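The sequence lines fix the lettering, A, B, ..., with proteins before strands; numbering per chain opens at 1. Bear in mind the structure is a predicted one, so any value in this text is a computation, not a measurement.
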Protein chains: 2
Amino acid sequence: MTLKLDKVNRGPHLSTLVASSISREIVQGRLKPGDQLPTEQQLAQTFGVSRNVVREAIARLRSEGRIWSQQGRGAFVADQPNATVLTIDFEALQQANAFQSLFELRGILEVEAAALAAKRRTRDDLLAMKDVLATMHAAPYGSVMWLKTDLEFHKTVAAATGNAYMVQFLMFVSERVRESILASGNQQRSEDLAVVTLGEHQRILDAIEAGDGAEAREAMRDHLHGAASRVGLGAEQSE
Amino acid sequence: MTLKLDKVNRGPHLSTLVASSISREIVQGRLKPGDQLPTEQQLAQTFGVSRNVVREAIARLRSEGRIWSQQGRGAFVADQPNATVLTIDFEALQQANAFQSLFELRGILEVEAAALAAKRRTRDDLLAMKDVLATMHAAPYGSVMWLKTDLEFHKTVAAATGNAYMVQFLMFVSERVRESILASGNQQRSEDLAVVTLGEHQRILDAIEAGDGAEAREAMRDHLHGAASRVGLGAEQSE
DNA sequence: GAAACCAGTGTTGTATGATAACCATGTAAG
DNA sequence: CTTACATGGTTATCATACAACACTGGTTTC
């Protein structure tokens, strides 16, 4: 197996950057529904890209329903419809800070889920967790099976909260995070790390079994912190 | 490979038509996962449009996760029908425990968002929060304006975390919660409650302004607890 | 005075050509 | 067999031009 060292995150397309930049303006409220966007010329100049790139970005935002545009008039921020679906743009995630944001969100949910799980876990939940952990022991580190069971463990923890939406959201976010990690390809592989990871999982499980919410929270926090550094995201995570 | 790609009829946006045309090829199986799309030149010629239009269409499909492209190689049909969307069934929410679960999830996000906001808020964030709070003072309790600004306040708090996904998720969840509350129609209305709510908001704002994460967390927790009882969900919330 | 008409200007939509960055492949040199 | 280089093809981006459409203001017409 050859090492892929210098697979530096080749930045996503310029249009993606422009799109998420405009999108941020809308989400954070600096551009309100009904507001008119700057002209394509101005946007191109502002971002320092060609008008073509701006158009690709706008085409995307238009397809997402965030803005609408009319020939001869301009582009406007759409009234945010009661979006009944939540989407995460895969490409936008290639940006480091976007990935970091999603990772942070995942962390919050995981940590609190662990705490809730410690309070509410049933006997069946514990059995499921132990079962997954055993399977994980048998799988080679970094293999598809290993990654799958890793995700499965976190799922059982979330399930132990008894909150179905917790499972749904957490799995959704985790899947996106996992995809992004796989895409970037900068995973470290080592048998030592396998032992570390398994140990962290065990600590979480113990805390949940003991019903110690605070300890479960801490254990999960440490685990995620460790996982972050394992995928080369160590330094930025700070408190 | 002989693909059946009809020439496009002049409609709203050419890029839209091209995108849906390619999309149809994928859905109907004439383009399978892993297949390479024709080059942009060929597509432009096939559809009778400029390469620019083709690129806008591809940009859309790429953001939707249907295809993926790499400079120097080409564009390919994505192998996963990526479940990149998350949905919440409105009807299922009518069940009390489902609603409660979603409320709990929202609570976790709100509380942690408040803590993060206290650490990271900028001057602009504070101004936005104060602005919203002032608007809320002027709105009659329970009115549409009131509910809107209430949501807006929480949004500005989320925005102050600097985490775009936090905003996206929280707003998504909050919208569903709000819908459900409106549907159930069991809101209590009283001017006294208005004062209470505003006071709670003020306390959150103060904590965030002071940069006190722990206090912000507590203030938000209390606020949500109060809000829960105001919509007849008081007793169940426990820690 | 008011309505219809009309030209001018600005914006988006589309077309076209060119250049840079990148990948895959073949071929010659070692 | 391996390495280096040359070559052609593709995407990514830039730049420019023109067409289609909307808005504005003045002019004409009734």
Side-chain angles (χ1 to χ4, degrees), chain A residues 2 4-22 31 34-78 89-92 94-95 183-185, chain B residues 1 3 5 7-22 31 34-78:
Chain A
T2 62
K4 327 174 158 184
L5 297 176
D6 58 344
K7 206 56 181 177
V8 171
N9 278 353
R10 190 179 20 253
H13 300 149
L14 286 180
S15 59
T16 304
L17 297 176
V18 172
S20 45
S21 189
I22 296 176
L31 278 173
D35 282 357
Q36 180 166 10
L37 271 71
T39 70
E40 295 178 351
Q41 283 280 8
Q42 291 172 324
L43 286 174
Q45 202 163 357
T46 303
F47 289 111
V49 299
S50 76
R51 204 187 131 208
N52 227 316
V53 170
V54 171
R55 282 195 57 78
E56 284 185 19
I58 287 183
R60 286 182 40 167
L61 295 173
R62 202 170 36 217
S63 80
E64 294 172 8
R66 296 196 121 95
I67 68 174
W68 60 275
S69 63
Q70 189 179 356
Q71 183 173 140
R73 286 186 61 189
F76 303 82
V77 179
D89 192 312
F90 178 76
E91 264 198 299
Q94 304 313 96
Q95 297 167 261
S184 72
Chain B
M1 84 165 69
L3 295 176
L5 300 176
K7 282 216 171 186
V8 137
N9 293 334
R10 296 272 162 172
H13 281 126
L14 287 182
S15 60
T16 304
L17 299 177
V18 172
S20 47
S21 189
I22 295 176
L31 280 173
D35 281 358
Q36 180 167 9
L37 272 70
T39 71
E40 296 179 350
Q41 282 283 5
Q42 290 172 326
L43 286 173
Q45 202 163 358
T46 304
F47 288 114
V49 299
S50 77
R51 205 186 131 215
N52 227 318
V53 170
V54 171
R55 282 195 58 77
E56 286 184 18
I58 288 183
R60 282 182 45 164
L61 296 173
R62 204 169 37 216
S63 79
E64 292 172 9
R66 300 196 105 99
I67 70 175
W68 125 90
S69 66
Q70 189 178 358
Q71 182 174 130
R73 286 187 60 190
F76 303 83
V77 179

Residues passing the side chain to side chain donor-acceptor pair (under 3.5 Å) test with A:S20, sequence neighbours excluded, are A:Q95

Residue set satisfying side-chain contact (heavy atoms from CB on, under 4.5 Å) with B:T39, at least two apart, ordered chain then number -> B:Q41, B:Q42

Sequence neighbours excluded, the answer for side-chain contact (heavy atoms from CB on, under 4.5 Å) partners of A:W68 is A:Q70, A:R73, A:F76, A:A78

Taken in chain and number order and not counting sequence neighbours, the residues that satisfy side chain to side chain donor-acceptor pair (under 3.5 Å) with B:R60 are B:T16

Residues 38-60 of chain A vs ring pair (Phe, Tyr, Trp, His ring centres under 6.0 Å), sequence neighbours excluded, gives none

Detail all sub-3.5 Å separations between protein N/O atoms and N/O atoms belonging to nucleotides 10-15 of chain D.
residue: D:dT10; atom: O2; partner: B:G72; partner atom: N; Å: 3.4
residue: D:dT11; atom: OP2; partner: B:E40; partner atom: N; Å: 3.1
residue: D:dT11; atom: O4'; partner: B:G72; partner atom: N; Å: 3.4
residue: D:dA12; atom: OP1; partner: A:H13; partner atom: NE2; Å: 2.8
residue: D:dA12; atom: OP1; partner: B:S69; partner atom: OG; Å: 3.2
residue: D:dA12; atom: OP2; partner: B:R55; partner atom: NH1; Å: 2.9
residue: D:dA12; atom: O4'; partner: B:Q71; partner atom: NE2; Å: 3.0
residue: D:dA12; atom: N7; partner: B:R51; partner atom: NH2; Å: 2.9
residue: D:dT13; atom: OP1; partner: A:L14; partner atom: N; Å: 2.9
residue: D:dC14; atom: OP2; partner: A:S50; partner atom: N; Å: 2.9
residue: D:dC14; atom: OP2; partner: A:S50; partner atom: OG; Å: 3.2
residue: D:dC14; atom: N4; partner: A:N52; partner atom: ND2; Å: 3.3
residue: D:dA15; atom: N6; partner: A:N52; partner atom: ND2; Å: 3.2

